There are 2 protein chains.
Amino acid sequence: MATIYQVSERAGVSLATVSRVMNGSAKVGEATRNKVLQAMQELNYRPNSIAQSLASNCSNSVGMLVSEVHGPFFGEMMSGVENELRSVGKHVIIAAGHSDVESEKDAIEFLISRKCDALILHVDAVSDEYLLELNKQTPVVVLNRHVAGMDENCICLNNELGGYLATKAMLDLGHQQIAYISGPLFKLDVRERLAGHKRALQEAGRAFDEGLFVEGDFHEAGGVAAMEQLLKHKQPFSAVVCANDEMACGAMNCARDHQLDIPADVSIMGFDNVIISRYTFPHLSTIDFPAGEMGRMAARWVRKHIYQDDKLKVQNLFEPSLVLRDSVSRR
Amino acid sequence: MATIYQVSERAGVSLATVSRVMNGSAKVGEATRNKVLQAMQELNYRPNSIAQSLASNCSNSVGMLVSEVHGPFFGEMMSGVENELRSVGKHVIIAAGHSDVESEKDAIEFLISRKCDALILHVDAVSDEYLLELNKQTPVVVLNRHVAGMDENCICLNNELGGYLATKAMLDLGHQQIAYISGPLFKLDVRERLAGHKRALQEAGRAFDEGLFVEGDFHEAGGVAAMEQLLKHKQPFSAVVCANDEMACGAMNCARDHQLDIPADVSIMGFDNVIISRYTFPHLSTIDFPAGEMGRMAARWVRKHIYQDDKLKVQNLFEPSLVLRDSVSRR
DNA sequence: TTGAAAGCGGTACCAC
DNA sequence: GTGGTACCGCTTTCAA
């Protein structure tokens with residue numbers, strides 16, 4: 001592999017000049033530039049990115065931490081990030097945090113040791129304080145989580161609005177008794193979605209009813225259990241709004257096991273619009289979570305603030321939207 | 001950030017010695033080692049991985065190319081790779097090839113420019129010759145594709161067996177007329193799966209019937225179209241074996257649109273066991289593709305051959321297995 | 001066992 | 001505009 005030194009020799013110029021034409025950093029005479037370019041061609045020269053990183057103190061890499069590398073949700077996000085970043089020659093190093101404090105910190109530590117220029121994080125275990133502290137040490141952008149004090153670094157979804165839209169859709173369809181299967185309430189976005197649900201209810205002049213509320217776990221089994229519980233209560237309802245698609249699937253399966261027809265007997269709504277929602281039967285109505293777009297935006301944040309792509313605009317808040325499919329019907 | 005130089009100064013030893021204790025490379029006196037370790041502690045020293053890479057000519061990174069970063073299948077694979085590699089301090093750089101020749105070559109070029117120590121590839125557009133040539137230049141391990149001439153570098157699934165198991169299961173359930181919806185025949189694994197299907201038929205003394213065969217595209221819409229075609233032909237069948245889960249979903253949806261009950265009227269089998277197969281209704285029977293395990297094994301190959309983890313064993317061929325769920329029934 | 005020093009392949013500042 | 005050169009932080013002979 002040819003080095004910059006051999007190129008300079010062949011072109012009959014200095015190292016510095018070769019470096020200049022590579023980076024287009026300073027003015028180089030037309031003739032000189034061409035000599036260098038040609039020498040590069042002839043030697044099939046490829047810059048050594050490691051050496052560049054060491055000398056420039058910039059690794060051209062950004063670390064991305066997700067809860068799980070598999071999982072449709074994160075796939076979309078990573079895909080958005082990869083796309084945006086590779087188009088400008090940066091690379092993304094992935095790591096999984098598994099929603100566990102130690103594991104998340106470990107992964108972040110790892111990414112830092114790799115000298116990432118910035119970190120894109122989707123974390124739910126570490127504390128806000130930790131993130132605030134981390135952000136002093138290395139640039140961080142946080143996905144789907146608002147951390148007070150680093151607002152500019154957060155790319156969020158308006159979860160409250162999502163919760164609102166979901167329930168509002170049911171109300172608009174004429175449903176009066178709407179059950180709600182929530183996610184784990186220690187998560188902020190879960191509480192926001194719930195708040196949206198309550199706002200829709202209130203706007204319609206209906207009271208929030210504890211008897212129609214269950215806290216789930218975001219997994220399918222949790223959806224089954226929650227539905228089971230709702231059914232056992234014998235408090236009537238014609239619609240169920242779930243805080244994510246997995247639980248909605250569980251709820252549908254459970255309802256079916258109880259000989260209930262969907263959507264004739266009960267309408268079901270999910271949240272996230274992950275790929276599986278298009279494959280359920282009946283196809284699940286849900287709230288679209290633009291994970292890919294948000295990932296892309298996180299990458300854009302990095303481009304703008306770390307790689308000085310100043311003209312770029314970043315959007316910190318995204319809006320969810322309603323996706324109506326077959327799991328809901330008019331009451 | 002402290003450097004090795006400051007550590008050496010503080011410990012009152014030379015640079016070289018510090019380096020030695022970091023790498024455990026050569027014998028270092030107990031006392032000296034402790035002095036160094038302590039100095040590191042006190043300075044909160046973290047080695048600069050970029051500098052290490054430059055000096056050692058080893059980037060400790062491996063590139064992973066998948067068709068799409070999203071998509072459950074690749075998620076599992078990447079997850080396996082990430083897990084295995086991070087546990088030994090290596091990092092994985094991801095890129096997407098989008099099943100397009102130029103795009104795949106681009107991504108590989110990109111990964112090489114990042115000085116990856118090895119490449120783990122899931123590609124379907126580039127040719128065998130290209131891969132062979134590439135492998136001379138940089139270590140490559142190929143996932144789910146057998147390239148003659150670099151057998152040791154391929155981690156494959158016994159697709160033929162998978163195809164066999166799928167059809168065999170239908171035969172065992174008493175089905176006589178079994179339709180087959182294939183993937184794009186230009187892909188090797190597709191032809192292998194088909195070969196397995198034929199073998200099962202033959203063993204049962206049944207002839208392969210062109211009228212019950214359709215070439216699909218691996219997507220849901222293709223599954224719908226294929227099923228539509230089968231139904232139009234009016235040639236009777238009681239079971240459909242599909243070359244992947246997406247098409248199986250399409251086939252199920254289409255059948256349902258034609259008022260056919262699954263599995264009472266027609267049994268359906270998929271292939272891959274991606275996450276969606278657990279969410280369809282009825283739950284899809286399928287052939288398990290251990291994508292995560294295979295990704296992990298690819299990573300192990302790299303550990304063994306590139307990072308000299310000699311005792312590791314690598315398994316080049318994986319066996320698929322039958323997963324029976326609700327979409328099939330006895331005839 | 002330990003130290004000195006020559007790289008690894010670039011970047012960037014300072015002269016000219 | 002171009003060249004000289006001191007780093008960037010670590011690895012790895014080669015001697016001692």
Side-chain angles (χ1 to χ4, degrees), chain A residues 1-40 43-61 89-91 112-117 307-308, chain B residues 1-40 43-61 89-90 112-117 306-308:
Chain A
M1 199 84 256
T3 75
I4 195 177
Y5 181 74
Q6 303 168 37
V7 174
S8 76
E9 209 170 29
R10 177 150 195 137
V13 300
S14 74
L15 279 188
T17 302
V18 177
S19 178
R20 287 189 189 102
V21 343
M22 286 180 52
N23 305 303
S25 42
K27 271 98 242 330
V28 177
E30 195 55 29
T32 330
R33 141 171 283 105
N34 285 134
K35 273 193 302 188
V36 172
L37 256 18
Q38 188 180 345
M40 284 178 167
L43 276 66
N44 195 355
Y45 170 74
R46 305 244 166 263
N48 181 324
S49 65
I50 304 276
Q52 286 179 314
S53 295
L54 181 58
S56 67
N57 196 27
C58 166
S59 68
N60 290 308
S61 71
K90 311 300 179 186
H91 68 246
I112 290 178
S113 82
R114 299 330 271 202
K115 298 281 175 205
C116 293
D117 297 330
Y307 300 123
Q308 283 76 261
Chain B
M1 199 82 258
T3 75
I4 196 178
Y5 181 74
Q6 302 168 37
V7 174
S8 76
E9 210 171 25
R10 177 151 196 137
V13 301
S14 75
L15 282 188
T17 301
V18 177
S19 177
R20 288 190 189 101
V21 345
M22 286 180 53
N23 305 304
S25 40
K27 270 99 246 324
V28 176
E30 194 54 32
T32 332
R33 139 170 283 105
N34 285 135
K35 274 194 301 188
V36 172
L37 256 17
Q38 187 179 346
M40 285 178 167
L43 274 62
N44 194 353
Y45 171 74
R46 305 245 166 262
N48 181 324
S49 65
I50 304 277
Q52 286 178 313
S53 295
L54 182 59
S56 66
N57 195 29
C58 165
S59 70
N60 289 308
S61 71
K90 312 300 179 185
I112 290 178
S113 82
R114 298 332 273 204
K115 298 281 175 205
C116 293
D117 297 331
I306 307 304
Y307 299 124
Q308 283 74 262

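In what follows, chains are A, B, ... by sequence order, proteins preceding strands, each numbered from 1. Owing to the predicted nature of the structure, the values given are computational and were not obtained by experimental measurement. Side-chain atoms are counted along with the backbone in the values below, which use heavy atoms only and exclude waters and symmetry mates.
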Looking at [options], which one has an atom nearest to any side-chain atom of [X]?
X: A/A55; options: C/dG10, D/dC10, C/dT2; value: C/dG10
X: B/A16; options: D/dT12, D/dG4, C/dT2; value: D/dT12
X: B/R20; options: C/dA4, C/dC8, D/dG4; value: C/dA4
X: B/T32; options: C/dG10, C/dA4, C/dT1; value: C/dT1
X: A/T3; options: D/dC10, C/dG10, C/dA4; value: C/dG10
X: A/T17; options: C/dG10, D/dG3, D/dG1; value: D/dG3
X: A/A51; options: D/dC14, C/dG9, C/dA12; value: C/dG9

Next on the checklist: Between B/S59 and B/K115 (side chain of the first, backbone of the second, donor and acceptor by atom type, cut-off under 3.5 Å), is there such a pair?
Outcome noted: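 Yes, because the side chain of B/S59 sits within donor-acceptor range (under 3.5 Å) of the backbone of B/K115.
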Item to check | B/D117 side chain to B/N60 backbone, donor-acceptor under 3.5 Å | outcome: yes
Please tell me if the side chains of [X] and [Y] come closer than 4.5 Å, counting only heavy atoms from C-beta onward.
X: A/Y45; Y: A/R10; value: no
X: A/V18; Y: A/M40; value: yes
X: B/S8; Y: B/S14; value: no

Specify the separation, in whole Å, of atom [atom1] of [X] and atom [atom2] of [N].
X: A/L54; N: C/dG10; atom1: CG; atom2: C1'; result: 8 Å
X: A/E9; N: C/dG9; atom1: CD; atom2: C1'; result: 15 Å
X: B/K35; N: C/dT1; atom1: NZ; atom2: P; result: 15 Å
X: A/I50; N: D/dT11; atom1: CD1; atom2: P; result: 13 Å
X: B/Q6; N: D/dG9; atom1: CD; atom2: P; result: 9 Å
X: A/M22; N: C/dG10; atom1: CE; atom2: P; result: 6 Å
X: A/I4; N: D/dT5; atom1: CD1; atom2: C1'; result: 13 Å
X: B/L15; N: C/dG7; atom1: CG; atom2: P; result: 16 Å

Checklist entry - Under 3.5 Å, is there an N or O donor on one side and an acceptor on the other linking the side chain of A/R33 and the base of D/dG1? => result no
Checklist entry - Do B/R46 and D/dG9 share a donor-acceptor pair, side chain to base, under 3.5 Å? => result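 Result: no qualifying N/O pair found.
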With a 4.0 Å cutoff (strictly under), does any side-chain N or O of [X] reach OP1 or OP2 of [N]?
X: A/Y5; N: C/dG7; answer: no
X: B/S14; N: C/dG3; answer: yes
X: A/N23; N: C/dT11; answer: yes
X: B/Q52; N: D/dT11; answer: yes

Checklist entry - So what does A/V18 hit on the nucleic acid, given a heavy-atom distance under 4.0 Å: a base, only sugar-phosphate, or nothing? => result nothing
Checklist entry - With a 4.0 Å cut-off on heavy atoms, is A/N48 in touch with a base, just the backbone sugar-phosphate, or nothing at all? => result sugar-phosphate
Next on the checklist: Just checking B/N34: does its CG atom have more than 12 heavy atoms from other residues, nucleotides or ligands closer to it than 6.0 angstrom?
Outcome noted: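 Check passes, neighbour count above 12.
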